[in-house]
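Read through the structure below, which is laid out as structure tokens, and then see the notes.
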2 protein chains.
Amino acid sequence: MEKETISIYTIAKEAGVSPATVSRVLTGNAKVSEEKKSKVEALIRKYDFRPNALARGLSSVETKMIGLMVSDIRNPFYATMAVECEKAANENGYLLLLCNSLGSNEMEVSYLEKFSGQRVDAIIQIGGKVDELVSDTSYVENINRVANTTPILITGKLDGADCYQVNIDEGQSMELLMQFLIENGHQDIALMGGRDNVKSTLDKRLRYRQMLRKYGISVREEYIVDGSSYDIESGSAAMYRFIREDHPMPSAIIAINDFTAVGIVRALREQGMRIPEDVSVVSFDNTYIAETCMPRLTCVGYDYKLFGKLLIETAIKAIHNEEPPRVQMVKSGLVIRDSCKQLK
Amino acid sequence: MEKETISIYTIAKEAGVSPATVSRVLTGNAKVSEEKKSKVEALIRKYDFRPNALARGLSSVETKMIGLMVSDIRNPFYATMAVECEKAANENGYLLLLCNSLGSNEMEVSYLEKFSGQRVDAIIQIGGKVDELVSDTSYVENINRVANTTPILITGKLDGADCYQVNIDEGQSMELLMQFLIENGHQDIALMGGRDNVKSTLDKRLRYRQMLRKYGISVREEYIVDGSSYDIESGSAAMYRFIREDHPMPSAIIAINDFTAVGIVRALREQGMRIPEDVSVVSFDNTYIAETCMPRLTCVGYDYKLFGKLLIETAIKAIHNEEPPRVQMVKSGLVIRDSCKQLK
DNA sequence: TTGAAAGCGCTAACAG
DNA sequence: CTGTTAGCGCTTTCAA
């Protein structure tokens with residue numbers, strides 16, 4: 001009982017027109033007489049006909065698919081980015097293929113290959129190899145191989161890779177945070193979480209030092225605390241390590257992201273400290289986690305909607321050879337909530 | 001400077017074999033002499049050739065794609081499910097197409113159509129229309145139309161829809177929670193959040209009443225509190241409404257999911273209550289949010305890895321006409337953390 | 001084992 | 001405005 005598959009030929013025959021005409025009404029790329037058009041459209045509705053995207057992609061130039069690879073969608077930062085990208089893609093008639101590399105190098109390469117096998121029109125990568133301070137040359141080779149045929153955009157950097165960048169201005173973000181803290185009377189400020197081999201983290205640390213110098217505050221190396229990762233546990237672990245090492249408690253802690261902040265807050269609480277009464281905690285990203293946390297986190301964040309839109313629109317320009325800028329920056333803004341105490 | 005696209009013909013010509021032979025080594029579906037095989041493989045490596053998935057999907061029976069539609073990937077429940085499904089799909093050689101309907105009916109229908117246009121081999125839907133107590137008949141029609149050609153699996157229910165179900169046993173989950181609370185001496189137990197027109201919520205409420213009766217505790221209608229949605233804000237709002245209405249505070253609150261629990265905990269805290277000293281709060285789902293929350297939430301959860309695997313494997317069986325069971329259940333288990341006080 | 005050839009369903013010249 | 005006709009790149013008979 002094979003259900004006969006219906007195609008533009010089925011429609012064409014029944015409508016008494018050529019398949020090309022059906023195709024024309026489908027794509028809308030050419031004039032078709034009202035009469036034939038409505039006849040065809042009626043048949044399309046009758047059969048609930050949906051053109052085969054594969055065939056379309058095979059014969060036309062575009063597949064109308066954009067591949068998006070993030071490192072882990074469970075992280076609210078990526079989830080938010082993904083949703084905004086998806087919306088923007090849809091609005092522009094593209095379908096977003098969303099994949100998680102889950103911190104595995106092989107997965108990243110594998111998805112790159114899958115994307116190119118699917119002939120996506122463009123690839124966007126957020127997180128993963130593109131976050132590393134020292135770019136993995138073998139990965140760059142992979143990227144460049146596919147960049148040869150498909151535009152690739154990244155949020156991060158990849159030395160020697162032929163791709164477009166849409167970046168967060170980590171420096172500016174740090175500046176906003178530092179300024180805010182200092183203006184509120186904080187002098188003993190720690191920067192907690194993240195790893196030195198991650199570019200965004202390094203950028204933050206550099207600007208952190210720079211801002212301290214600018215305000216004439218001496219840098220205390222023990223106030224720059226490494227985290228093994230960017231999740232809640234590593235935030236908590238970093239805080240505990242700091243406490244164990246018995247340094248004087250800073251008046252404010254800048255967490256490298258919201259997740260880390262949650263871990264820090266938890267560790268602090270478990271040690272009987274109150275936030276922000278005893279210690280202020282602020283962070284980067286302003287994902288919904290910042291709202292969830294107790295107290296709500298003051299942080300610096302981005303306009304995710306705009307970010308996603310910029311990414312997708314840049315991708316589309318690249319697809320159409322309109323040569324968008326190779327590097328673009330998104331601005332950040334401060335969101336003041338309840339996790340920072342005013343000292344003066 | 002058009003980069004010439006390389007195909008099985010390119011490879012075939014250079015290897016001195018027919019395209020069919022190249023196809024054979026690609027698919028591995030037929031014997032090819034070692035000699036030609038290695039020659040072809042060398043060329044594939046040389047050109048970094050990746051067969052066009054569109055062409056393959058067009059000519060063969062399967063596209064090796066499975067579409068997954070969730071309502072919102074930012075919700076950790078869906079994010080966790082999606083990641084586990086993606087892993088399981090990959091392990092079985094399938095590519096997962098992940099989409100968010102974001103609570104919009106049109107989006108659900110639109111993605112259904114996109115999936116069928118992409119000729120995915122199967123469709124999985126978690127959340128959205130499939131959660132509703134009274135199934136939307138027009139949506140069911142849509143589902144059935146595509147189910148005609150593509151197996152559809154859902155987590156939830158859809159009356160009259162021709163699809164496979166893999167469900168959580170909400171009743172059992174509630175039972176675990178109630179039993180735990182009662183054994184710990186709780187009698188005044190509220191059930192907070194969720195809406196009555198959502199099947200899973202209704203199932204929980206039914207079993208909640210049933211369990212109270214079983215233990216000879218009288219049901220207090222004011223202890224069943226509606227929530228407008230399933231996010232943090234509605235949890236908080238529900239709690240505040242309850243407080244405003246000035247009911248006696250229960251000794252334990254069951255939140256309809258982790259997000260709701262976070263909102264409830266926050267509202268309680270803001271009112272100066274301590275958890276679990278003053279009120280115990282437990283919840284459903286056991287997403288990572290339960291670990292994040294302060295205190296860590298005791299809740300009932302599922303084996304997400306198994307859940308994802310079951311979903312994907314069922315889909316694959318359906319694809320291959322192996323007639324998997326139409327309805328399957330996943331079991332839940334209790335995870336005891338710090339948010340429940342032992343009263344006796 | 002291997003090759004030739006016929007599709008898969010659609011788009012895009014090219015004529016008319 | 002419309003039909004004819006090539007492909008797009010792969011798989012899969014069918015013969016050899």
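Just so it is clear, the values below take in all heavy atoms, side chains as well, and ignore hydrogens, waters and symmetry mates.
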May I ask you to evaluate whether [X] reaches the phosphate of [N], defined as a side-chain N or O under 4.0 Å from OP1 or OP2?
| X | N | result |
| --- | --- | --- |
| Lys37(A) | dC1(D) | no |
| Thr21(B) | dG3(C) | yes |
| Ser23(A) | dT11(C) | yes |
| Ser18(A) | dG3(D) | yes |
| Lys64(B) | dT11(D) | no |
| Thr5(A) | dG9(C) | yes |
| Asn52(B) | dC8(D) | no |

Open item on the list: Apply side-chain hydrogen bond (donor to acceptor under 3.5 Å, both in side chains) to residues Arg50(A) and Ser116(B) and explain how you reach the verdict.
Closed with: CA-CA 8 Å; Arg50(A) 218 150 1 256; Ser116(B) 93; 2.9 Å; yes

Roughly how many Å is it from [atom1] in [X] to [atom2] in [N], rounded to a whole number?
| X | N | atom1 | atom2 | result |
| --- | --- | --- | --- | --- |
| Arg119(A) | dC8(D) | CZ | P | 13 Å |
| Glu62(B) | dC8(C) | CD | P | 18 Å |
| Glu34(B) | dT2(C) | CD | P | 10 Å |
| Leu26(A) | dC10(C) | CG | P | 7 Å |
| Leu58(B) | dT12(D) | CG | C1' | 13 Å |
| Lys31(B) | dG3(C) | NZ | C1' | 19 Å |
| Ile8(B) | dT2(C) | CD1 | C1' | 14 Å |
| Arg56(B) | dG9(D) | CZ | C1' | 10 Å |

Task: 5' precedence on DNA chain C between Pro19(B) and Ser59(B) (nearest-nucleotide basis) - done: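 Result of the comparison: Pro19(B).
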
TODO: Using the closest heavy atom to pick a nucleotide of DNA chain C for each, name whichever of Ser60(B) or Ser60(A) lands nearer the 5' end.
DONE: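 The answer here is Ser60(B).
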
Task: Side chain proximity check, Ile123(B) to Tyr111(B), heavy atoms < 4.5 angstrom - done: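 No - every pair of side-chain heavy atoms lies 4.5 Å or more apart.
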
TODO: Using a heavy-atom cut-off of under 4.0 Å over every strand shown, decide if Ser7(B) touches base, sugar-phosphate, or nothing.
DONE: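 Since only primed, P, OP1 and OP2 atoms lie under 4.0 Å of Ser7(B), the category is sugar-phosphate.
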
Open item on the list: Just to be sure I understand the rule, does Val17(A) reach a base, reach only the sugar-phosphate, or reach nothing, if contact means heavy atoms closer than 4.0 Å?
Closed with: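 Answer is sugar-phosphate: Val17(A) comes under 4.0 Å of backbone atoms only.
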
Task: Global bending angle along the helix from dT1(C)-dA16(D) to dG16(C)-dC1(D), which compares the axes of five pairs at either end, to 10 degrees - done: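 End axes: 40° apart.
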
- [ ] Can you measure from CD1 (Ile124(B)) to CE (Met81(B)) and round to the nearest 0.5 angstrom?
- [x]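 Ile124(B) CD1 to Met81(B) CE: 8.0 Å, rounded to 0.5 Å.
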
Open item on the list: Is it the case that dC8(D) (base atoms only) and Tyr9(B) (side chain only) share a donor and an acceptor within less than 3.5 Å, ignoring hydrogens and angles?
Closed with: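 Flag unset: no donor-acceptor pair detected.
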
Open item on the list: Does Arg24(A) contact dG3(D) through a side-chain donor or acceptor facing the base, at a distance under 3.5 Å?
Closed with: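 Such a pair exists between side chain and base.
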
Whether [X] side chain and [Y] backbone form a donor-acceptor pair below 3.5 Å:
| X | Y | answer |
| --- | --- | --- |
| Ser101(A) | Ser104(A) | no |
| Ser23(A) | Pro19(A) | no |
| Thr63(A) | Arg119(A) | yes |

TODO: Answer with yes or no whether the side chains of Asn144(A) and Tyr139(A) bring together a donor and an acceptor at under 3.5 Å.
DONE: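 Asn144(A) and Tyr139(A) do not have a side-chain donor-acceptor pair below 3.5 Å.
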
Open item on the list: Closest-nucleotide mapping onto DNA chain D: is Leu54(B) or Ala30(A) further toward the 5' terminus? I mean the 5' end.
Closed with: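 Taking each residue's closest nucleotide, the earlier one in sequence belongs to Ala30(A).
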
Task: Options dT4(D), dA4(C), dC10(D), nucleotide nearest the side-chain atoms of Ala20(B) - done: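 Of dT4(D), dA4(C), dC10(D), dA4(C) is nearest to the side chain of Ala20(B).
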
TODO: Could you walk me through whether Val83(B) and Ile73(A) pass side chain to side chain contact (heavy atoms under 4.5 Å, CB included), step by step?
DONE: CA-CA 8 Å; Val83(B) 166; Ile73(A) 197 74; 3.5 Å; yes

